[in-house]
Amino acid sequence: MLATDARNGIRADLRLIGELIPQGARVLDVGCGNGDLLKFLEDTKGVDGRGIELSQKGVNECVARGLSVIQGDADRDLVHYPDDAFDYVVLSQTLQATFRPREVVEQLLRIGRRVVVSFPNFAHWRVRGALLFRGRMPVTKALPYSWYDTPNIHFFTLRDFVDLCAELRVTIDQSLALDRRGEKIAFRGPWWFWNLFGAQAVFVLSQRSAQRDAPSA
Amino acid sequence: MTPRDNGRIDAARARQEADRPSSPLVLFGPDRPLKLDSGATLDRWQVAYQTYGTLNADRSNAVLVCHALTGDQHVANVHPLTGKNGWWSRMVGPGKPVDTDRYFVICPNVIGGCMGTTGPASTNPDTGQPYGLDLPLVTIPDMVRAQAILLDHLGIATALAVVGGSMGGMQVLQWAAAYPERVFAAIPIACGARHSSQNIAFHEVGRQAVMADPEWAKGRYLAEGRSPRKGLAVARMAAHITYMSDKSLHAKFGRQLQDRDAPTFGFDADFQIESYLRHQGVTFVERFDANSYLYVTRAMDYFDLAAPHGGRLSEVFRGSKTRFCIVSFTSDWLFPTEDSKVVTRALIASGGNVSFVEIDTDGGHDAFLLDEPELFATVDGFLRAAAHARGIA
């Protein structure tokens, strides 16, 4: 989970995710925090937005802001949503804090036609440096917690995630690497390059159409 | 003035409120009969209600408030019998979350109640005597059906919001289920889609207390000039315990003694909590009709929203466009948070638009009536968003 770095009212990585989502889409934001992204999307894109948030404080704040948000968590509560209920499902900076990340990604793909996932990259050079040279668990801008109080329980790298997408036979529609400030790395490099220099990553996924159209029974 | 005289005066005034209330009143005749779930029909019936604020030109800013078991239509004005402020004057009023400067607020007394809408204390037009147990049993859907007829009468096709706590929340859910197109937004607070076995059990204890009082006279006490005050007071005392949390009781009363330094080794009200409950019981009977208590608790017991859909709650709301904001309280053990989560999950499964807020409080079930800033912020924000979505500035 990323520490709040409010600039222009909304975190840079959230703004970037917001820009990926088209006008008027039906959007579910899983782990929506205090509702910044949903509010941004409703105000600028006119989306039909819903949210799930673990902390009751976050939920109450969202509802008081006029957003449709329920208390729940990604591991347990996604099963209640019907198939294809949303055009976009967003999971921002949360996957590494779930108990069963693989099942969570599968659920996201079931309920959303497209899935936007953002996560901190554990292979960023600063993380590697902290382990290699200092022999310490890294505490960076993208991973700001000490090992004993971090909510992040499944660390993974950008390339790990690409492998998971292949395993799940998921189409990667778009991928972005972000620098330490949450800004897009402007030029496109090979995966190893992004894996080294991307502090965070944002992926847009969709189910392979063949799989989706297959008869279910 | 002896307490007994005091009781008689109150009883006379309460009788008057039941038939000729100080609230606005609509009388319906055989052209608008009220069909009840029991199969019976009321050909002549009446609804008493209060309103606050002004209906806009589009008739789009109406907020219907549904009251709880022992509540009534006096939401935000001084109560004609008790002289106290309305039961939700913290929530409803100018500048309050349900802002009467912005919304037109309506609260009717429920069918089966005793503050002017037809109930067992009303005079039966066929006999000229109080109905007593001759009134057919009523249900939560009956209450809502009567309210829908009232909104027709007031020219309100769709309410901006229907709001209520406890039994009021049950009515909100019933409104959304029965008339989805007439409910733009719904705020069911501290309730559930059905009454639990435990809740039915508590109600049965209360009813048995009333009926065990010889003054109840098989429900004919009004015609015979009697009053089952003791039975109703005991019912109220038992029920009142269920509205509070153990923690709040302990914080308020602990084991403190009432106006004494040592126990008396008798059955007087030694403890403050005993004295408090006795006071609750005694003041309640001055304003509430015992038979009404039987009818309305029964209506709650019968409530099971999913029953007509084979127990599948998600079917109840399928296709609904209503925006829901469901609220529960952490210390409410009468309608625990899980009851609200069941409704939330059903709405999610049916593709509904739902928010769910659990408020951390020691206030117990009655928290919806208390000073709970998070509740106010939730209702305020949700209502503003609903008003905005409906094009009300």
Side-chain angles (χ1 to χ4, degrees), chain A residues 24-36 38-43 45-89 107-108 110-113, chain B residues 97 161 184-187 189 312-315 317-331 337-338 340-361 372-390 392:
Chain A
R26 283 173 53 84
V27 178
L28 176 67
D29 185 0
V30 183
C32 62
N34 65 1
D36 275 348
L38 280 174
K39 188 81 186 143
F40 174 75
L41 286 172
E42 287 194 355
D43 291 348
K45 298 279 179 83
V47 302
D48 182 6
R50 310 284 157 79
I52 305 180
E53 168 57 27
L54 186 58
S55 86
Q56 201 58 60
K57 187 172 171 292
V59 175
N60 298 11
E61 229 176 298
C62 287
V63 176
R65 291 173 85 176
L67 302 167
S68 291
V69 173
I70 63 152
Q71 202 267 337
D73 75 70
D75 284 299
R76 279 206 322 248
D77 293 303
L78 294 177
V79 294
H80 303 301
Y81 289 85
D83 295 354
D84 285 334
F86 296 93
D87 299 319
Y88 279 78
V89 180
Q107 285 293 334
L108 297 175
R110 181 184 65 78
I111 59 186
R113 303 158 76 82
Chain B
F184 189 78
I187 312 181
I189 304 170
R312 289 185 306 278
L313 195 56
S314 58
E315 291 304 314
F317 301 113
R318 194 158 301 286
S320 171
K321 298 260 184 289
T322 302
R323 306 154 68 100
F324 286 83
C325 179
I326 296 172
V327 182
S328 75
F329 301 102
T330 49
S331 54
T337 286
E338 184 55 28
S340 288
K341 282 197 169 168
V342 166
V343 179
T344 304
R345 286 197 284 264
L347 278 161
I348 286 171
S350 64
N353 183 342
V354 56
S355 291
F356 164 60
V357 171
E358 182 187 32
I359 289 166
D360 194 0
T361 171
E372 293 286 351
E374 285 219 48
L375 172 65
F376 300 149
T378 299
V379 171
D380 181 81
F382 177 78
L383 267 185
R384 276 175 198 276
H388 180 73
R390 215 184 176 200
I392 304 169

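Everything numeric in this text was worked out from a predicted model, so none of it was measured. Reminder, nothing fancy here: chain letters follow the sequence lines and each chain counts from 1. Every heavy atom of this structure was used, including side-chain atoms; hydrogens, water molecules and symmetry mates were not.
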* Keeping to residues at least two apart or across chains, list the side chain to side chain donor-acceptor pair (under 3.5 Å) pairs with something in residues 53-68 of chain A. => Asp36(A)-Arg65(A), Glu53(A)-Ser55(A), Gln56(A)-Asn60(A), Asn60(A)-Glu374(B), Ser68(A)-Asn353(B)

* Structure fact -> Greatest number of non-hydrogen atom pairs under 4.5 angstrom with chain A, of Asp360(B), Val354(B), Asp380(B), Val379(B), falls to Val354(B)

* For the student: nearest non-hydrogen atoms of Ser355(B) and Val69(A), plus distance -> OG-N, 3.0 Å

* Structure fact -> Filtered by a 4.5 Å non-hydrogen cutoff, the part of residues 340-347 of chain B contacting chain A is Lys341(B), Thr344(B), Arg345(B)

* To do: Going by the side-chain contact (heavy atoms from CB on, under 4.5 Å) test, name the single residue among Ile52(A), Ile70(A), Leu78(A) that passes it with Ile348(B).
  => Ile70(A)

